[in-house]
Student: 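My questions all concern the structure below.
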There are 2 protein chains.
Amino acid sequence: MRSWNLPVLGPVPTLVYVPMNVRKKKNVRAATLADVGRAAGVSAMAVSAALNETRTSARISEQTRAKIIEAAEALGYRPNVAARALVKRRMNTIGVSVVWADEELNNYFVEIFNGIIEATSRHAQNATVFTFRSWSEDMAKVCGMCDGRIDGMILVAPLFNQELAAMLPHHTPFVALHANTESEAFVNIESNEERGAKEMVKAMIAMGHRRIMHVSGPRGLVGPERRISGYLSALREAGIVPDPDLLVVTNFAAAEGCRAMNAWLSANKGKPLPDAIFCANDAIAIGCMEALASAGIRIPDDVSIAGFDDTIAARTTVPQLCTVRQPLRAMGARAVEVMMRRIDAMRGKGGDELVNSVVFDTTVVLRGSLSKPPAEPRLVP
Amino acid sequence: MRSWNLPVLGPVPTLVYVPMNVRKKKNVRAATLADVGRAAGVSAMAVSAALNETRTSARISEQTRAKIIEAAEALGYRPNVAARALVKRRMNTIGVSVVWADEELNNYFVEIFNGIIEATSRHAQNATVFTFRSWSEDMAKVCGMCDGRIDGMILVAPLFNQELAAMLPHHTPFVALHANTESEAFVNIESNEERGAKEMVKAMIAMGHRRIMHVSGPRGLVGPERRISGYLSALREAGIVPDPDLLVVTNFAAAEGCRAMNAWLSANKGKPLPDAIFCANDAIAIGCMEALASAGIRIPDDVSIAGFDDTIAARTTVPQLCTVRQPLRAMGARAVEVMMRRIDAMRGKGGDELVNSVVFDTTVVLRGSLSKPPAEPRLVP
DNA sequence: AGCGCATTTGAAAACGCTTTTCAGCCACTT
DNA sequence: AAGTGGCTGAAAAGCGTTTTCAAATGCGCT
């Protein structure tokens with residue numbers, strides 16, 4: 001064993017820079033076009049033309065342009081986005097609205113967000129995320145942020161009623177991703193959830209599972225209902241009579257899933273466990289896994305389990321969570337593409353083949369949490 | 001077993017609303033103050049005064065105000081944020097910059113973000129997230145987005161060199177959270193990482209571990225160096241000579257951690273495993289757990305492991321990951337508070353007791369992945 | 001009737017930028 | 001020498017708000 005060369009601490013880059021409290025000077029103002037113009041001995045408009053390479057009418061000689069650019073850099077000039085937006089009527093920014101109430105949504109949203117920023121950076125646009133506690137409470141907030149700040153808004157899993165939808169400003173395009181309401185107020189990007197759920201349950205049945213539990217999200221929302229529908233449809237085709245005791249309703253959160261599963265376990269002591277559990281999303285499934293683990297039930301030896309969404313979290317559980325993959329990333333990217341078309345159309349630039357709805361396909365992802373059922377169903381401890 | 005009342009599908013709320021393609025009308029423009037004024041038979045300024053309840057000079061009679069409000073609602077008037085910002089020099093928005101390159105950062109960032117939005121909503125501010133691929137490449141983007149769009153910028157885990165820091169606009173306040181460079185260019189919010197690392201390693205030693213491995217993040221960054229420093233300090237105090245073979249360097253991502261651990265395992269076949277592994281963050285630890293599991297090494301029976309950060313992911317592993325908790329949420333919230341003070345100060349409103357740095361405390365969170373070392377160290381298979 | 005005062009309202013001037021229009025200049029043609 | 005046309009850059013007109021200031025109105029008072 002070599003001896004250690006102490007200290008091993010590597011060099012840490014250090015900056016010497018004008019400290020914050022020194023530049024606390026009050027009323028420091030950013031340089032404007034006029035400032036740059038004054039410094040370069042030209043007018044403000046010449047600066048604008050030079051910096052924007054506007055090819056329309058007024059052209060600036062290379063010599064003047066160089067002078068202007070030098071002055072601009074010396075002054076640290078940066079265009080004021082608000083002023084530019086005011087006159088151009090275009091912010092080059094699209095807003096993303098999402099409810100950030102339960103932390104479990106995060107993984108789902110983060111995946112979508114990845115797609116959104118991929119697409120926005122391709123279009124040289126910015127994405128701005130707006131979060132609030134609930135759609136109903138903060139609807140005014142959504143609307144108040146539209147004008148002059150963003151060119152369009154992507155709503156992630158919005159939940160509206162008639163009254164709220166009427167509040168949407170008419171002059172801003174909206175695109176909804178996984179809308180929880182069947183509305184024509186906005187373009188809808190969705191995935192074939194019913195089919196995904198059906199395929200998953202069919203896969204379970206093909207493996208030999210018969211008593212399949214479904215832990216659903218809140219009833220009445222489009223997503224959960226479609227998943228229930230697919231679940232039932234698969235059972236029906238296999239000639240399995242659905243057992244109402246095996247339909248559990250909870251919310252889209254790990255803590256909720258854990259609670260629901262614990263409640264079910266204590267209400268069914270001594271009865272046989274289901275062969276497999278199909279959860280309405282990954283978060284619920286992870287919560288259930290926690291509850292099962294603390295009850296000493298092994299996955300997948302005693303019971304198989306599957307989720308829905310294929311979030312990152314599904315890959316970090318042990319065993320890894322079998323799930324239904326929605327191409328969230330692609331969906332987020334597509335939302336942006338559709339949005340760009342809408343914006344162009346609204347500005348009178350685009351063609352007229354506008355998309356009103358896009359449906360993505362879902363796929364079953366087999367992972368360790370799903371395997372053959374045990375020979376003898378285990379009883380609830 | 002009761003029979004199931006089919007169909008179980010619940011009602012899904014439906015909206016009938018003017019479809020997007022109908023309101024595709026080109027050049028629809030939002031109503032302006034002047035429009036409202038025309039409708040109400042008053043001037044635009046009267047509308048502004050009425051709607052803003054400006055108590056300064058011009059007061060509007062209740063009668064006129066009622067008339068104006070009615071007209072504004074009829075026209076669906078909403079103030080144009082850009083125009084308002086232009087004149088008020090205040091966007092009521094703070095930007096949050098984060099590098100969104102590796103997905104592993106997500107859990108870390110999401111936790112901070114929760115704190116940020118908590119604080120911004122308390123201050124009636126908006127938070128806008130800007131993402132980019134790397135600090136060096138997209139620095140211009142950070143800067144270009146400051147002027148007139150946000151009042152201040154929070155940098156999450158920024159990595160700068162001298163040249164890049166010089167690009168920061170002087171008239172916008174910056175607050176850095178976990179800056180990776182020791183700079184005075186911005187206010188620093190950090191946590192006591194060295195102490196956290198030291199306490200964790202001390203906890204391991206107290207449990208009887210002697211051969212403790214550290215899987216570090218990239219050398220040269222402030223965070224990893226501080227964790228190494230704490231690690232070494234704990235070893236030294238316990239009289240343990242650090243073994244250079246037990247210091248592994250990798251990147252902050254699960255995939256990287258997995259790869260690094262696999263590499264170490266295959267390079268050390270037949271030699272004894274360490275008693276415990278202290279990883280520089282949770283993502284690395286999760287990657288290591290994967291590598292160990294696939295090598296048939298059991299946690300914590302064969303080897304104990306711990307992470308750093310206490311992200312959500314640390315709670316969903318089996319066994320749950322022992323980790324060093326940083327109060328990320330509180331840190332995010334504090335960043336906003338500090339920012340608000342800076343903005344007020346810059347506008348000439350605030351007092352002068354400005355904070356330049358805040359250090360939060362870290363705590364060790366004991367969980368299932370850390371227990372006593374095995375009687376006989378296991379050999380690398 | 002005339003005056004001062006308080007209360008409402010309107011006019012105009014920013015805010016920083018873009019865009020359109022137009023004048024000046026020079027070289028080149030007729 | 002006068003006309004033509006291409007370059008270059010200045011002037012001015014907004015974009016939708018807020019803010020400042022002055023004008024208008026109504027009132028009570030002398």
Side-chain angles (χ1 to χ4, degrees), chain A residues 27 29-68 71-72 75-92 144 146-149 151 169 171 347, chain B residues 27 29-68 71-72 75-92 144 146-149 151 169 171 347:
Chain A
N27 299 324
R29 292 216 347 234
T32 71
L33 277 185
D35 295 332
V36 177
R38 220 171 355 255
V42 296
S43 72
M45 2 289 152
V47 180
S48 171
L51 262 40
N52 290 324
E53 316 218 9
T54 169
R55 297 253 165 252
T56 57
S57 54
R59 292 190 27 127
I60 304 294
S61 66
E62 278 314 314
Q63 187 186 346
T64 321
R65 160 169 292 149
K67 206 170 52 182
I68 289 173
L75 270 66
Y77 170 77
R78 299 177 195 292
N80 181 305
V81 181
R84 174 180 282 168
L86 186 57
V87 56
K88 304 245 307 188
R89 296 197 149 80
R90 180 82 190 248
M91 256 308 211
N92 290 322
C146 295
D147 289 275
R149 174 177 304 208
D151 305 318
H171 47 85
R347 298 293 198 283
Chain B
N27 298 324
R29 293 219 342 240
T32 71
L33 277 184
D35 294 333
V36 177
R38 221 171 355 257
V42 296
S43 71
M45 357 292 151
V47 180
S48 171
L51 262 41
N52 290 324
E53 316 214 11
T54 168
R55 297 254 165 251
T56 58
S57 56
R59 298 224 352 229
I60 303 294
S61 66
E62 278 315 314
Q63 188 186 347
T64 324
R65 160 169 290 149
K67 206 169 53 183
I68 289 173
L75 269 67
Y77 169 77
R78 298 178 196 291
N80 181 307
V81 182
R84 174 179 284 169
L86 185 57
V87 56
K88 303 245 309 187
R89 296 195 146 82
R90 181 80 189 249
M91 259 307 214
N92 290 321
C146 293
D147 289 277
R149 175 178 304 211
D151 305 317
H171 46 84
R347 298 295 197 281

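Every chain is numbered from 1, with letters handed out A, B, ... down the list of sequences. Keep in mind that this is a model prediction, so the values were computed, not measured.
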Student: Below 4.0 angstrom, which residues in residues 33-46 of chain B have at least one non-hydrogen atom near DNA chain C?
Tutor: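 Contacts with DNA chain C under 4.0 Å: B/Val42, B/Ser43, B/Met45, B/Ala46.
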Student: Are any of the side-chain heavy atoms of A/Pro169 and B/Arg78 separated by less than 4.5 Å?
Tutor: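 The answer is yes; the side chains approach within 4.5 Å.
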Student: Quick one: list whatever passes side-chain contact (heavy atoms from CB on, under 4.5 Å) with A/Ala85, sequence neighbours left out.
Tutor: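 Result, side-chain contact (heavy atoms from CB on, under 4.5 Å) vs A/Ala85: A/Met91, B/Ala82.
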Student: At less than 4.0 Å, is any side-chain N or O atom of A/Thr32 found next to OP1 or OP2 of C/dC15? Yes or no.
Tutor: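 Answer no for this pair, as no side-chain N or O of A/Thr32 is under 4.0 Å from OP1 or OP2.
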Student: Please state how far atom CG in B/Leu51 lies from atom P in D/dG16, giving the value in whole angstrom units.
Tutor: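 Rounded to whole Å, this separation is 16 Å.
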Student: Any chance you could measure A/Asp151, atom CG, to A/Lys88, atom NZ, to the nearest 0.5 Å?
Tutor: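 Interatomic distance, A/Asp151 CG to A/Lys88 NZ, rounded to 0.5 Å: 11.5 Å.
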Student: Verify the contact: side-chain N or O of B/Ser61 to OP1 or OP2 of C/dT8, cut-off strictly under 4.0 Å; return yes or no.
Tutor: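 Looking at the OP1 and OP2 atoms of C/dT8, neither is under 4.0 Å from any side-chain N or O of B/Ser61.
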Student: Quick one: bend of the helix from C/dA1-D/dT30 to C/dT30-D/dA1 from 5 pairs per end, to 10°?
Tutor: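 Answer for the end axes of this duplex: 70°.
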Student: Send over the distance from B/Ile68 CD1 to C/dT8 C1', rounded to a whole Å.
Tutor: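 From B/Ile68 CD1 to C/dT8 C1': 11 Å.
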Student: How close or far is atom C1' of D/dT18 from atom CE of B/Met91, stated in whole angstroms?
Tutor: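 Answer to the nearest Å: 15 Å.
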Student: Specify the separation, in whole Å, of atom CD1 of B/Ile60 and atom P of D/dT18.
Tutor: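 In whole Å, D/dT18 P lies 13 Å from B/Ile60 CD1.
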Student: Once you round to the nearest 0.5 Å, how far does OG of A/Ser48 lie from CD1 of A/Ile60?
Tutor: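 CD1 of A/Ile60 is found 9.0 Å from OG of A/Ser48.
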Student: Between C1' on C/dG16 and OH on A/Tyr77, what's the gap in Å once rounded to a whole number?
Tutor: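 Atom OH in A/Tyr77 sits about 7 Å away from atom C1' in C/dG16.
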Student: Taking only residues two or more places apart in sequence, or in another chain, which ones meet A/Glu62 in a side chain to side chain donor-acceptor pair (under 3.5 Å)?
Tutor: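 Side chain to side chain donor-acceptor pair (under 3.5 Å) list for A/Glu62, sorted by chain: A/Arg65.
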Student: Which of residues 79-87 of chain A sit near DNA chain D, with a heavy atom under 4.0 Å from it?
Tutor: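 Within residues 79-87 of chain A, the residues near DNA chain D are A/Leu86, A/Val87.
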Student: A/Thr64 or B/Arg78: which one's nearest nucleotide on DNA chain D is closer to the 5' end?
Tutor: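 Closest to the 5' end, via its nearest nucleotide, is A/Thr64.
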Student: Which pair of heavy atoms, one from B/Pro79 and one from A/Asp147, lies closest together, and at what distance?
Tutor: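 Closest approach of B/Pro79 to A/Asp147, heavy atoms only: O-CB, 3.5 Å.
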Student: Rounded off to whole Å, could you give me the CD-to-P distance for the B/Glu62 and C/dT7 pair?
Tutor: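 So the CD-P distance, B/Glu62 to C/dT7, works out to 14 Å.
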Student: How long is the line joining NZ of B/Lys88 and C1' of C/dG16, in whole Å?
Tutor: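 In whole Å, C/dG16 C1' lies 18 Å from B/Lys88 NZ.
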Student: What closest approach, in Å, do B/Thr32 and B/Tyr77 show between heavy atoms, and which atom pair accounts for it?
Tutor: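 Residues B/Thr32 and B/Tyr77, closest heavy atoms: C-CE1, 3.7 Å.
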Student: A/Leu51 and A/Ala72: which non-hydrogen atoms are nearest, and at how many Å?
Tutor: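 The answer is CD2-CB, 4.4 Å.
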Student: Scan the side chains in residues 36-44 of chain A for donor-acceptor partners under 3.5 Å anywhere in the protein, sequence neighbours excluded, and list what turns up.
Tutor:
residue, atom, partner, partner atom, Å
A/Arg38, NH2, A/Asp35, OD1, 2.7
A/Ser43, OG, A/Ala46, N, 3.3

Student: Rounded to whole angstrom units, what separation is found between the CD atom of B/Gln63 and the C1' atom of C/dT9?
Tutor: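 Checked: the CD to C1' distance equals 13 Å.
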Student: For C/dG16, does OP1 or OP2 lie under 4.0 Å from any side-chain N or O of B/Arg89?
Tutor: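 Affirmative; the distance criterion is met.
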Student: Which value, rounded to the nearest 0.5 Å, describes the distance between A/Arg90 atom CZ and A/Arg84 atom CZ?
Tutor: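 One finds 13.0 Å between CZ of A/Arg90 and CZ of A/Arg84.
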